[in-house]
There are 2 protein chains.
Amino acid sequence: MKNSLLFEVLAEPKRRLILDHLRQKERSVGELVALSSLSQPGVSKHLRILREAGLVGVRKEAQKHLYYLRAEPLAEIDHWLEPYRRFWSDKLAALERQLDEEE
Amino acid sequence: MKNSLLFEVLAEPKRRLILDHLRQKERSVGELVALSSLSQPGVSKHLRILREAGLVGVRKEAQKHLYYLRAEPLAEIDHWLEPYRRFWSDKLAALERQLDEEE
DNA sequence: CAGTTATATTTCTATCCAGTAATATAATGG
DNA sequence: CCATTATATTACTGGATAGAAATATAACTG
């Protein structure tokens, strides 16, 4: 999955909400429907996209499909951020220096 | 600017490209046009969105508008990633352990 | 197996947005 | 000022997509 697609997948707020819920524990589709103010088809569609992005996995237990978080692809975002990090940390360092001077 | 909007702004590949170019040095709109395979209005439109997201600033020099990177808002993305970080680092740690055992 | 529960898929529609073309604004130089 | 350069804005259009409704698939239960 390309970086660009990953950003697009995460741009949708409801999908980030689903990921947040899965961070705590695996959830069935029904549970996610209850948690998300989305219709069941809506949740299923988002889950498909998240699955194709590698961000969730499924485990089937009877009729229930239990979705769990697979956060590894997020490391790509982390990697993308890397060259930018020094910019805001520089700014923070500058701010800290300034605050020190004011004391 | 809300987290959610920031993700949407970054979801557009051309905008990420512009940010990448600005990481090296400030650039005029014309330079960005040359670098981005976008029309001038296209670049201007993206720059407006980036500016509204706080990701770039402008400095006017004669007729030229020089855009520069303002990476601070990206810290929000970094912060959003935070609770997910242990998931992939756990996975990596587990993988490393497994590789160690196999040697 | 008939009914029920749980999830997935398809179809349709309204909306959003990137890209383009045309035009407007702004600053400079002769 | 008039022409030129540089950028911004507006209006339009096509393509993508989220959401809703209807339907399909699949697995359990009695």
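These figures come from a predicted structure and were not determined experimentally. Naming: A, B, ... by sequence-line order, numbering from 1 per chain.
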### Query
How close or far is atom C1' of D:dA18 from atom CD of A:E8, stated in whole angstroms?
14 Å
#### Entry: B:R15 side chain to B:V9 backbone, donor-acceptor under 3.5 Å
yes
### Query
With respect to the side chain of A:H46, which nucleotide from D:dA18, D:dT9, C:dA6 is positioned closest?
D:dA18
### Task
Could you tell me the separation between the NE2 atom of A:H65 and the C1' atom of C:dA8, rounded to a whole number of Å?
8 Å
### Task
Using whole Å, report how far NZ of B:K45 lies from P of D:dT10.
12 Å
### Task
Nearest whole angstrom, please: distance from the P of C:dA18 to the CG of B:L10.
12 Å
### Query
Hey, is the main chain of A:L10 close enough, under 3.5 Å, to the side chain of A:R16 for a donor-acceptor pair?
yes
### Query
Would you find a donor on one side and an acceptor on the other, under 3.5 Å apart, between the side chain of A:E31 and the backbone of A:S28?
yes
### Query
Is the NZ or CZ atom of A:R51 positioned over A:Y67's six-membered ring, under 6.0 angstrom from the centre and within 45° of the axis?
no
### C:dA8 OP1/OP2 closer than 4.0 Å to side-chain N/O of A:R48
no
### Task
Measure the distance from NZ on B:K64 to P on D:dT7 and round it to the nearest whole Å.
7 Å
## Note on the structure
Separation between NE2 (B:H65) and CG (B:L47), nearest 0.5 Å, reads 11.0 Å
### Message
Tell me the interatomic distance from A:I49, atom CD1, to C:dA8, atom P, rounded to whole angstroms.
### Response
13 Å
### Query
So what does A:G42 hit on the nucleic acid, given a heavy-atom distance under 4.0 Å: a base, only sugar-phosphate, or nothing?
nothing
### Query
For the side chain of B:Q63, counting heavy atoms from C-beta on, which of D:dT7, D:dT9, D:dT5 is nearest?
D:dT5
### Query
When the distance from CG of B:L38 to C1' of D:dA8 is rounded to whole Å, what number comes out?
15 Å
#### Entry: Candidate nucleotides D:dA18, C:dG19, C:dT9, ranked by approach to the side chain of A:E12 - the nearest
D:dA18
### Message
With nearest nucleotide decided by heavy atoms, which residue, A:R15 or A:P41, maps closer to the 5′ end of DNA chain D?
### Response
A:R15
### Message
Can you see if the side chain of B:Y67 gets near the phosphate of D:dA6 - specifically, an N or O under 4.0 Å from OP1 or OP2?
### Response
no
## Note on the structure
By nearest-heavy-atom nucleotide on DNA chain D, the more 5' of A:Q40 and B:R51 is B:R51
### Task
Output the single nucleotide from D:dT7, C:dT28, C:dG19 whose closest atom is nearest the side chain of B:A62.
C:dT28
## Note on the structure
note: B:E31, atom CD; D:dT5, atom C1'; distance rounded to Å ~ 15 Å
